[in-house]
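Written below as structure tokens is the structure these notes are about.
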Amino acid sequence: MKKRMIIKNANNIFAKFWNFCWEIYYKNPEIWNYLIAGAFGVVVSIVCFYIPRKFGLGVLESNIISWVIGVIFVYVTNKIFVFNSKCENKKELIKEFLQFIVARLLTLAIETFILYLMIDVVHLGDLISKTFAQIVIIIINYILSKFIIFTKK
């Protein structure tokens with residue numbers, strides 16, 4: 001287990017807050033690591049969408065580039081930092097990566113369906129619909145990653 005970053009003799013408010021945050025983190029570091037990796041994945045995705053747009057690419061092309069790079073980034077961070085997955089050989093690595101891609105394509109389809117239902121059928125707003133869909137997809141992606149893709153070999 002990693003060394004805890006607790007401040008001894010915490011008398012000031014910053015130290016108490018720091019210790020409080022680390023206590024929350026250490027109750028379930030895997031979930032927190034997943035959320036942190038996901039947050040960085042969002043930043044990578046946005047940057048990878050923005051740069052092609054600045055060079056004149058269309059929204060669809062930029063979004064595809066963004067999605068592909070974002071998925072690869074999240075795969076690597078999930079493999080290394082979240083689930084500590086170790087593959088014995090190239091075949092296992094390819095299988096794991098393909099499972100990850102298929103799972104992400106599945107959740108992309110689920111998200112698209114949720115957005116269609118909420119926006120076009122129920123007539124809810126775009127932002128509330130996207131936020132709800134993202135929460136559902138984050139949970140599904142975590143479950144698929146933990147119990148199917150990055151299972152301990």
Report task. Look up atom OG in Ser66 and atom OH in Tyr50, then write down how far apart they are to the nearest 0.5 Å. Result -> 14.0 Å
Query - From CA spacing to verdict: side-chain hydrogen bond (donor to acceptor under 3.5 Å, both in side chains), Asn33, Tyr25 - result: CA-CA 9 Å; Asn33 290 345; Tyr25 173 82; 2.8 Å; yes
Query raised in the report: Okay, side chain of Tyr116, backbone of Val121: is any donor-acceptor separation there less than 3.5 Å?
Result: no
Query - Derivation and outcome, side-chain contact (heavy atoms from CB on, under 4.5 Å), residues Thr107 and Leu144 - result: CA-CA 10 Å; Thr107 57; Leu144 291 173; 4.0 Å; yes
Report summary line: Value for CD (Glu61) from CD1 (Ile64), rounded to nearest 0.5 Å, stands at 6.5 Å
**Report entry** Gap between atom CG of Asn141 and atom CG of Leu108 - 0.5 Å precision
**Finding:** 10.0 Å
Requested in this report: For the pair Thr151 (side chain) and Phe147 (backbone), establish whether a donor and an acceptor sit closer than 3.5 Å, ignoring hydrogens and angles.
Outcome: no
Report summary line: Exactly one candidate in Phe100, Phe81, Phe83 meets ring pair (Phe, Tyr, Trp, His ring centres under 6.0 Å) with Tyr75; the answer is Phe100
Query - Shared hydrophobic cluster, Val42 / Ile137 (ILVMFWY, side-chain heavy atoms < 4.5 Å) - result: no
Query - Distance flag, aromatic centroids of Phe40 and Phe73, threshold under 6.0 Å - result: no
Report task. Side-chain contact test, heavy atoms from C-beta onward, threshold under 4.5 Å: evaluate it for Cys87 versus Lys79 and give yes or no. Result -> yes
**Report entry** Separation between CD of Glu111 and CD1 of Ile138, rounded to the nearest 0.5 Å
**Finding:** 9.5 Å
Query raised in the report: Between Glu92 and Lys86, does at least one N-O distance fall below 4.0 Å, as a salt bridge requires?
Result: no
Query raised in the report: Is Ile139 close to Gln134 at the side-chain level, that is, under 4.5 Å between some pair of heavy atoms?
Result: no
Requested in this report: Group every Ile, Leu, Val, Met, Phe, Trp and Tyr by side-chain heavy-atom contacts under 4.5 Å, then state whether Tyr142 and Ile80 land in the same group.
Outcome: yes
Query raised in the report: Can Leu57 and Ile65 be said to form a side-chain contact (heavy atoms from CB on, under 4.5 Å), step by step?
Result: CA-CA 10 Å; Leu57 256 63; Ile65 291 168; 3.6 Å; yes
Query - Atom pair CD (Gln99) and CD1 (Ile94), whose distance is rounded to the nearest 0.5 Å - result: 12.5 Å
Report task. Give a yes or no on whether the backbone of Gly70 and the side-chain of Ser45 come within a donor-acceptor separation of less than 3.5 Å. Result -> no
Query raised in the report: So, for Phe49 and Val59, which heavy atoms are closest and what is the spacing to 0.1 Å?
Result: CE1-O, 3.7 Å
Query - Same apolar cluster (I L V M F W Y, side chains within < 4.5 Å links), Ile31/Tyr26 - result: yes
Query - Residue Trp67 excluded, over 12 heavy atoms near CH2 under 6.0 Å - result: yes
Requested in this report: Linking directly or through intermediates, with side-chain heavy atoms under 4.5 Å: list the remaining ILVMFWY members grouped with Leu115, chain and number order.
Outcome: Ile119
Requested in this report: Would you kindly confirm whether Val68 and Ile51 end up in one hydrophobic cluster when ILVMFWY residues are joined by side chain heavy atoms under 4.5 Å apart?
Outcome: no
Query raised in the report: Going from CG on Asp120 to OG on Ser129, what distance comes out if it is rounded to the nearest 0.5 angstrom?
Result: 9.0 Å
Query raised in the report: Do Val74 and Leu98 sit in the same hydrophobic cluster, where Ile, Leu, Val, Met, Phe, Trp and Tyr count as joined when their side-chain heavy atoms come under 4.5 Å apart?
Result: no
Report summary line: side-chain contact (heavy atoms from CB on, under 4.5 Å) filter on Phe132, not counting sequence neighbours, yields Ile114, Met118, Val136
